[in-house]
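Numbered from 1 within each chain, the chains take letters A, B, ... in sequence-line order.
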Amino acid sequence: MSTYTKKQVHDLVEGTLDWDSVHKMLSMPKDKERYSLYMEVLQDKATYDHKIILALGPHLNLVEKTDGGDIVAMCDCGHDFGDYKNNWKLGANIYVRDTAEKMDEVYPRLMAPDTTWQVYREYSCPSCGSMLDIEAPTPWYPVMHDFQPDLKTFFEWLELPAPAKI
Amino acid sequence: MTILQSLEGAQLGKLLRNGMSLDDYRNGILARSAETGHYNGIKTLEFKERDPIGYERIFSKVRAGLVNSREVAKKIAASPIVEQEGELCFTLYNVAGDCVATSTGIIIHVGTMGAAIKYMIQNNWELNPGINDGDMFTNNDCQTGNVHPCDIATIVPIFFEGHLVAWVGGVTHVIDTGAVGPGSMSNGQIQRFGDGLQITCRKTGVNDTPLRDWLHESQRNVRTVKYWILDEKTRIAGTHMIREMVQETIADEGIEAWEQFSLEVIEDGRRGLVSRIKAMTIPGTIKTVAFVDVPYTHPDVNVPSPFAKIDTIMHAPCEITVKPDATWRLDFEGCSRWGWHTYNANPTAFTSGIWVMMTQSLVPTERINDGARYATQFRLPKGTWTNPDDRRTAHADAWHFLVSSWSSLWRAISRSYFGRGYLEEVNSGNSNPCNWLQGGGINQDGEIHAVNSFETAACGTGACAMKDGLNNAAAIWNPEGDMGDIEIWELAEPLLYLGRTQKTNSGGYGKYRGGLGFETLRMVWGSHDWTMFFMGNGYMNSDWGLMGGYPAATGYRFEAHNTGLLDRIKEGKSIPLGEDLNPDDREWEKHLGPDAEVKRDKQCITTEAIFENGDLYLNYLRGGPGFGDPLDRTHAKIQEDLNENYVLPEFAKKIYGVVYTQDNEGVYTVDSEKTSARQAEIKEERKARSVPVREWMETERAKILDLDASPQVQQMFASSFALSEPFLNEFKTFWDLPADWDLKESSLGIPMFGSDVTMDISEMPDCKPVIMTEE
């Protein structure tokens, strides 16, 4: 079993970790303590005090709120998307590329989808404008609820104390 | 009542040392596995714990023998698909047809050849045609587990001291199977009856000798006889080398040790997957979906039946449940129906193919075997494109749908990796590995020929969460990733290279961008009668991007006829070379004669078109999707993108907000301060142009109620609704539609053959299909 330092995990998050270490991470059995180091690194970067318990994306985390212990999805900027069991996208802003002209902004026309077949839905934070996710479905497609973690089992697997409100 | 008769006094129960019939023996394993949750009821790895060295010794011999045999055997092949791209695989099975170990290569065939063995067991090949030492069986039947007809498997039973002790299978991807369209993954046909030669576990050799009726019949049913013969020799050589290795191993280790090992190693493999799921993923539910286009109304798609001339969309939703016991379930409820094209897949192709992907991520181990399947529950509803309920379906390019659907699985499982901090494992998805350059006719040697360029084995990979995707590096089905040598392709195909370069702007944007694909411009040269066609995605992407990253670019088609190029070359005039930098600029057309007929559009699926010498064909191999908000990309990387032609400056400005200067030699330098300022403006622009999701949902709901969508979108939903009430209900609930709302295919005004009455393979007389998934 390999182990890594908090500095190495920090560098991994920043995209600056040396290739030898990355290769070791890829080829060796996974380090169980990665989760805790990762949370520490993310917490150090956070602009809020709520406790990060899971990363949903580079700008989006599940946090246990300091005031009451509710678990919510939260943007780096502190925008609260609400209860973690709900789909955070329903609280986001959306821009839909559903015409050829809107697609022209992202690809040459011959390299972009035909919007009668497929659209791009760009979900961003209403407060800071960070791009949180992009869907590329057909028109009419329901908004995907990507991930519904079973936090109780997860913390059992990690052999760590679970947040109270899961 | 069975029509089966015993041949030459064959009796059940003579093959195995324990006196059981193969079918009874296998059914016992299935029952014990289902009852206990452990393969064959093996709760303790007794051999491994008692004698770990002996256990590992057998595994090492077997694995090394498989890999070595593959490497040796592929030198026999002449086809660049096998020799250059490594499109072959050898796998060892226990007597029940469950995989013990496999070689490197196209390991989807762990499952496909296993399904063929199980079919022989289940349909009593033991009595007729009999299973004897020295036999060879050949299978490529897509209704017996195969992916597509061009994957030909040779399966050899392994005997020791008069009893069956194992099976070995070898598969090669042959260049042609005599389908309506030339090339191994063609698309002119729409039914099995045009999909090329189909062989159902046929006994094709006895006493280690191929039968002459088989040789004559098979060779005259394909276009590329020379390659066919050498590919078969490749498979026979490999399987016989492995047979010898297994027999030697048993002689050294003892038959009891072998029998225990060949069962225990599968339970070991099952535990291996469980262990990795627990170590790397997060329990819970992940939903994902994928699509790809089937644009058949275009006049350049010529098919034999009018009911196939419709535009449709493949729909592959998937719900992955990682359970508390660290097993998992993949449920594809809601998939669209099979269709009149060659992109259908059978359940084994789907489930076995997933392991090609997982061995690059979740189980990157040499110990991949059928144990992983026993730790996985698959649900593939009957009637869908991945579990057709009609025996007429064609499968030649099953990959069009398979690779598209799997891209979403990378995205899904990567959410788990990212959540736990295993950023190095995150993959935003696979590219759609196409275009498939195919065609045929009379080649430069005056021979009947067919081609399928496997340059597509080196597309761009998806971005990771800590680095860019790799440029022109891999395809999901071929982890070895090799575009092949130009010189070899020019020998195999009457097509000269006018250019081969990375495809600018083909990778999805993001904090980390997707890997770029590449493009090759081919000029027809030396052929006599020649056709070609395109096969890939164009109107849609099959990948999405992850966590703020953009999908890769879609495909487009470029072909040119009556180019005047042969005259221009003689006259020393310019010709199209290198890259099609921005396809909208139509640079290549400036170097063609005045009468050139150019097709430059989104129609990336076509059927055979005539190509004369001097005509042009662009083979554009796709890029991979991106990861994370593009505004988080470092300015240094954006500068590199500009200077390496990875991105067009126009789109670097729009997407990354970059502000740069360019010197007299064309070198870009990013102004970091101005770029940061512009990026801050873009974030404000995003806020200004976007609306709350719930507000947008009201407008989208109104479009649904007005049936405001293209026919192909409506057909996709209607076909999924017809097959899945849960999907229909989920759709109606999400959009808050009236209780009586529905959408029927019959209301669309397009032919829907196969939507009502079908006939499944299981309705054939005396046929017991192998079913290994929930339906």
Name the region of [X], side chain, backbone, both or neither, that has any atom closer than 4.5 Å to a heavy atom of chain A.
X	result
B:Trp735	side chain
B:Leu648	side chain
B:Lys637	neither
B:Leu707	both
B:Phe651	side chain

In terms of heavy-atom proximity below 4.5 Å to chain B, should [X] be classed as side chain, backbone, both, or neither?
X	result
A:Leu158	side chain
A:Val41	neither
A:Leu132	backbone
A:Asn87	neither
A:Met144	side chain
A:His23	neither
A:Leu56	backbone
A:Asp98	side chain
A:Ser27	neither
A:Tyr123	side chain
A:Ser124	side chain
A:Tyr38	side chain

Kindly determine whether A:Lys65 and A:Asp80 satisfy salt bridge (charged side-chain N to carboxylate O under 4.0 Å, His left out), including the steps that lead there. CA-CA 10 Å; A:Lys65 294 182 80 170; A:Asp80 185 342; 2.8 Å; yes
Below 4.0 angstrom, N of the basic side chain to O of the carboxylate: do A:Lys6 and A:Glu33 qualify? no
Counting heavy-atom pairs closer than 4.5 Å to chain B, which one of [options] comes out on top?
options	result
A:Glu14, A:Arg121, A:Lys152	A:Arg121
A:Asp133, A:Leu110, A:Asp150	A:Leu110
A:Asp114, A:Asp146, A:Thr138	A:Asp146

Who pairs with A:Tyr107 by ring-ring contact (aromatic ring centres under 6.0 Å, His included), at least two apart in sequence or on another chain? B:Tyr509
In terms of the angle between their ring planes, are A:Trp117 and B:Tyr539 parallel, tilted or perpendicular, with boundaries placed at 30° and 60°?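 Rings of A:Trp117 and B:Tyr539: parallel, as their planes differ by under 30°.
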Which of parallel (below 30°), tilted (30 to 60°) and perpendicular (above 60°) describes B:His315 and B:Phe727?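 Judged by the thresholds at 30° and 60°, the geometry between B:His315 and B:Phe727 is tilted.
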Less than 4.5 Å apart, any side-chain heavy atom of A:Thr3 and any of A:Asp31?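 Heavy-atom side-chain distance check fails, nothing below 4.5 Å.
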Per the side chain to side chain donor-acceptor pair (under 3.5 Å) rule, what does the pair list look like for residues 277-286 of chain B, sequence neighbours excluded?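 Those involving residues 277-286 of chain B do not exist here.
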